[in-house]
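Worksheet: the structure to be examined is printed underneath.
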Amino acid sequence: MKLKLDLHDIFNKGQEIDRALRGIIDEAIQKKATLVEIIPGKGSGQLKKKVLRFLDQKEIKQLYHRVEKDGDNWGRLFVHFRFDSPAGRGRRGR
């Protein structure tokens, strides 16, 4: 299962961005989605940096397996999840 979050509509609303990101990660865990596509858009790159900083927080980082930057579209990120750990949560790479 793949989920998608497009941040174009809330690009300048910091707290809403954080809530949307946390919400999509929680939804991915709940639904055991293996992939979340996040679209910060191309713009100046500031929103993408904000998303990457959010994903790099210790308490968030432990919830997913890895982040992939789309090589064909730099305005898109993929967050990969694995659900093979005993707790049923995403696990970071080895």
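Basis for what follows: all heavy atoms, side chains included, without hydrogens, waters or symmetry-related copies.
Residues Y64 and D56 come closest through the heavy atom pair OH-N, 4.3 Å. The nearest pair of heavy atoms linking A33 to F81 is O-CB, 3.4 Å. When all heavy atoms of P40 and G75 are compared, the pair lying nearest together is CD-O, 3.2 Å. Among all heavy-atom pairs drawn from K48 and W74, the shortest one is NZ-O, 2.8 Å.
Distance check: I60 CD1 to L21 CG gives 8.5 Å after rounding to the nearest 0.5 Å. Distance CD/Q30 to CG/L3: 10.0 Å, rounded to 0.5 Å. The distance from the CZ atom of R76 to the NZ atom of K4 is 8.0 Å, given to the nearest 0.5 Å. Between atom NE2 of residue H65 and atom NE2 of residue H80 there is a gap of 8.0 Å, rounded to the nearest 0.5 Å. Summarising the geometry, atom CD1 belonging to I10 is positioned 8.5 Å from atom CZ belonging to R19; distances are rounded to the nearest 0.5 Å. The CG atom of L47 sits 5.0 Å away from atom CD1 of I17, with the distance rounded to the nearest 0.5 Å.
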Step-by-step side chain to side chain contact (heavy atoms under 4.5 Å, CB included) determination, K31 to M1: CA-CA 8 Å; K31 294 181 177 179; M1 171 188 284; 3.7 Å; yes

Worked verdict on L7 versus L5 for side chain to side chain contact (heavy atoms under 4.5 Å, CB included): CA-CA 6 Å; L7 296 173; L5 175 63; 3.8 Å; yes

Full working for side chain to side chain contact (heavy atoms under 4.5 Å, CB included) between I25 and L55: CA-CA 10 Å; I25 287 172; L55 293 171; 3.7 Å; yes

Criterion side chain to side chain contact (heavy atoms under 4.5 Å, CB included) on H8 and I39, from CA distance to verdict: CA-CA 7 Å; H8 283 100; I39 302 172; 3.5 Å; yes

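In this structure, V79 is not a member of the same hydrophobic cluster as L35, with clusters built from ILVMFWY side-chain heavy atoms closer than 4.5 Å. In terms of hydrophobic clustering, with Ile, Leu, Val, Met, Phe, Trp and Tyr side chains grouped at heavy-atom distances under 4.5 Å, L77 and F54 are assigned to a common cluster. Clustering ILVMFWY residues whenever any of their side-chain heavy atoms sit less than 4.5 angstrom apart, transitively, puts V36 in the very cluster that holds L52.
Of the charged side-chain nitrogens involved, none lies within less than 4.0 Å of a carboxylate oxygen, so that D18 and R22 do not count as a salt-bridged pair.
Annotation: E59, atom CD; neighbour count of heavy atoms from other residues, nucleotides and ligands within 6.0 Å is above 12.
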